[in-house]
**Student:** 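Take a look at the following structure, please.
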Number of protein chains: 2
Amino acid sequence: MTEMSRNSTQEGGQPGRIGIGLELDATHLKILEVLRENGRISVAALAERVGISRANAYTRFEALRADGAIKRFTAEIDHVRAGLGITALIFVTVRQQMWRQFRTQLAQMPEVEYCAITTGQHDAMIQVRVTDVAAVHAMVTDRLANIPAVKATETVFILDEVLRRPYVLPSDRGPGRSSRRPPADPPAGPARSTGAARSAGSAGPTGSAGSAGGEVPLGMMRFVGVAEGRAQLQQDV
Amino acid sequence: MTEMSRNSTQEGGQPGRIGIGLELDATHLKILEVLRENGRISVAALAERVGISRANAYTRFEALRADGAIKRFTAEIDHVRAGLGITALIFVTVRQQMWRQFRTQLAQMPEVEYCAITTGQHDAMIQVRVTDVAAVHAMVTDRLANIPAVKATETVFILDEVLRRPYVLPSDRGPGRSSRRPPADPPAGPARSTGAARSAGSAGPTGSAGSAGGEVPLGMMRFVGVAEGRAQLQQDV
DNA sequence: GTTGAAATTAGTACGAA
DNA sequence: TTCGTACTAATTTCAAC
């Protein structure tokens, strides 16, 4: 019950129902806004805060839940208080066509809180929470290294979590501000060579940046070079 | 109310109360285990599932909340259904001594779901959810690039979220398995040159790995080289 | 820390607009 | 669909043990 939807077959929900099952209107979004900050609010209070009747609130609440728009309700805890003061990110390069094994192994690692498949230099990023720094080392060397699917890892520690929102919503942008950029105001800066893949082996976000004070000439999206054998990997994902 | 504790002053909670306020016992952890999968469970039902009396459950529940061990209750949603189908990670290099500005600007970006300060090549990682790929581009070029504190960015897309647990707990390891590695079984592989920082400019998690089939000799922790000016940055964090 | 009873609130099922 | 109301069931609170 911890794995996420893959948009394909498999997994929790009814396999028959693919595609959007429920068009979310402004009221639905309002409900999600309230639930985001108070997941334990009663449906009666929710109805009042959203400005609809109780019956309507029950109907919509149930619909959101049944449709899968709301996946579950949970708590947010202070990891330090819970005894897991160390958080690390481990970027993993996965051997091609061993994704299934990698996923299976991951599910059996209780210290893993999050894992995402990414584009770029690495194939996956996993976030772990453990008691101490040594546990990170043990995790990487003993457990990850023993998975044949894992080709290489790169570890980084999290020093501080500046911001964490339970989730973001389209309505957060406000009624006035569109999510798409207004037609005017084309992006400044040199050469829109957006897709310029970095040659594998060269590194870092340094490089071409002009060191002119306030300007940020390399704010451009910089896709990291595709790792070796990544073309095949993509098919597997 | 969306920013997280900094362990220092500032922020929501009482500034006077530093340090652990409540020692969590096995029962507390059990409560957190139940709440993790069902944040809307009634305290009565919670008591039954944990195996304690109602009153006890209420006391502990309230204590966990008041102590801050439980920060809030929230829902987990399907971002695709909510209309935010694109998730990206943006790794940011921050100009030294401009952290405060960076943090302030971040709080005003509704598409940012998570931001963490990290060690390694970059200084921060932010996760954004938007409607389409173009919005990522707009976010990076228009909004992040306009923050003087932002020196450089590197963007990566999330193709799939394999695993997401609301939180992990020390008790997840099970009663039998310790979090620390057993004294026997030293890590295999060549040369425990753990701290070997990669020279800035060289790249990739590839490299020294012996290509022998099953063995993963470079499971070792590989800390990425410190970015330029990072020594000063650390003080600021 | 536990149990039991009262007061409150939540959830459900209807008919009407 | 949405609303309003009444009915039933459950939860929370408070008390004594």
Side-chain angles (χ1 to χ4, degrees), chain A residues 1 12-14 17 19-77 81-83 166 169-171 175, chain B residues 20-78 80-83 166 169-171 175:
Chain A
M1 218 207 279
Q14 304 94 311
R17 215 236 286 99
I20 48 149
L22 173 71
E23 201 61 36
L24 302 187
D25 59 19
T27 307
H28 286 123
L29 290 178
K30 246 189 204 166
I31 291 173
L32 292 179
E33 278 174 40
V34 174
L35 255 25
R36 166 169 55 181
E37 50 185 42
N38 185 6
R40 274 182 82 85
I41 194 173
S42 70
V43 183
L46 175 67
E48 193 179 23
R49 288 191 54 176
V50 174
I52 55 177
S53 70
R54 291 206 310 161
N56 193 359
Y58 274 106
T59 305
R60 288 169 173 273
F61 182 83
E62 198 47 53
L64 284 169
R65 236 172 157 353
D67 183 67
I70 296 175
K71 288 198 283 199
R72 62 176 156 190
F73 291 93
T74 187
E76 225 174 82
I77 67 164
R81 290 252 164 80
L169 291 171
S171 51
Chain B
I20 48 151
L22 173 71
E23 200 61 36
L24 302 187
D25 59 18
T27 307
H28 286 122
L29 290 178
K30 246 189 205 166
I31 291 174
L32 292 179
E33 278 173 41
V34 175
L35 254 26
R36 166 169 55 182
E37 49 185 44
N38 185 4
R40 274 182 81 84
I41 193 173
S42 70
V43 183
L46 175 67
E48 194 180 22
R49 286 192 55 179
V50 173
I52 56 177
S53 67
R54 263 94 38 94
N56 193 0
Y58 275 104
T59 305
R60 288 169 173 274
F61 182 82
E62 199 47 52
L64 285 168
R65 236 170 157 353
D67 184 66
I70 295 175
K71 288 198 283 200
R72 64 177 152 188
F73 291 93
T74 186
E76 223 174 84
I77 67 164
D78 186 323
V80 179
R81 290 252 165 81
L169 291 171
S171 51

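In what follows, chains carry the letters A, B, and so on, assigned in the order in which the sequence lines appear, proteins first and then strands, with residues in each chain numbered from 1. Side chains are part of it too, since the values below use all heavy atoms of this structure and drop only hydrogens, waters and symmetry mates.
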**Student:** What integer distance in Å separates B:Ile31:CD1 from C:dG1:P?
**Tutor:** 11 Å

**Student:** I need the NE2-C1' distance between A:His28 and D:dT2, as an integer number of Å.
**Tutor:** 12 Å

**Student:** Output one line per pair: protein atom, nucleotide atom from nucleotides 15-17 of chain C, and distance, for all N/O pairs under 3.5 Å.
**Tutor:**
none

**Student:** Measure the distance from CG on B:Asn56 to C1' on D:dT12 and round it to the nearest whole Å.
**Tutor:** 15 Å

**Student:** Enter the inter-axis angle for the ends of the helix from C:dG1-D:dC17 to C:dA17-D:dT1 (five pairs per end, rounded to 10°).
**Tutor:** 30°

**Student:** Just how far is it from atom CD1 of B:Ile70 to atom CD1 of B:Ile31, taken to the nearest 0.5 Å?
**Tutor:** 7.5 Å

**Student:** How close do A:Leu169 and A:Arg36 get, heavy atom to heavy atom, and via which atoms?
**Tutor:** N-NH1, 4.0 Å

**Student:** Counting N and O atoms only, with roles assigned by atom type, does the side chain of B:Arg40 sit under 3.5 Å from a partner on the main chain of A:Gly39, one being a donor and the other an acceptor?
**Tutor:** yes

**Student:** In whole Å, I'd like the distance from the CG atom of A:Leu46 to the P atom of C:dG11.
**Tutor:** 10 Å

**Student:** Which whole-number value in Å describes the distance from A:Glu62 CD to D:dT1 C1'?
**Tutor:** 17 Å

**Student:** Which comes earlier along DNA chain C counting from the 5' end, the contact point of A:Ala55 or that of A:Ala45, where each point is its nearest nucleotide?
**Tutor:** A:Ala45

**Student:** Looking at every heavy atom in both A:Pro170 and B:Ala82, which two are closest together, and how far apart are they?
**Tutor:** CG-O, 2.8 Å

**Student:** Identify the heavy atoms of A:Ala45 and A:Ile41 that sit nearest to each other, and give their distance.
**Tutor:** CB-CG1, 3.6 Å

**Student:** Would you mind telling me which residue lines up with the more 5' stretch of DNA chain D, A:Gly51 or A:Arg40, judged by nearest nucleotide?
**Tutor:** A:Gly51

**Student:** Identify which nucleotide among D:dC3, D:dT11, D:dT2 has an atom closest to any side-chain atom of B:Ser42, counting heavy atoms from C-beta outward.
**Tutor:** D:dT11

**Student:** Whole angstrom is fine here: how far is it from CZ in B:Phe61 over to P in D:dT13?
**Tutor:** 10 Å

**Student:** Which listed nucleotide (D:dA6, C:dT3, D:dC3) is nearest to the side chain of A:Arg54?
**Tutor:** D:dA6

**Student:** How far apart are the closest heavy atoms of B:Ala69 and A:Arg81, and which atoms are they?
**Tutor:** N-NH1, 4.0 Å

**Student:** What pair of heavy atoms forms the shortest contact from A:Pro166 to B:Ala75, and how long is it?
**Tutor:** CB-O, 4.5 Å

**Student:** Please state how far atom CZ in A:Arg60 lies from atom P in C:dG11, giving the value in whole angstrom units.
**Tutor:** 18 Å

**Student:** Working to the nearest 0.5 Å, report the span between CG of A:Asn56 and CZ of A:Phe61.
**Tutor:** 13.5 Å

**Student:** Can you see which heavy atom on A:His28 is nearest to which on A:Glu23, and at what distance?
**Tutor:** ND1-O, 3.8 Å

**Student:** Looking only at the side chain of B:Ala44 (C-beta and beyond, no hydrogens), which of the listed nucleotides D:dT11, C:dT2, D:dT2 gets closest?
**Tutor:** D:dT11

**Student:** At less than 4.0 Å, is any side-chain N or O atom of B:Tyr58 found next to OP1 or OP2 of D:dT12? Yes or no.
**Tutor:** yes

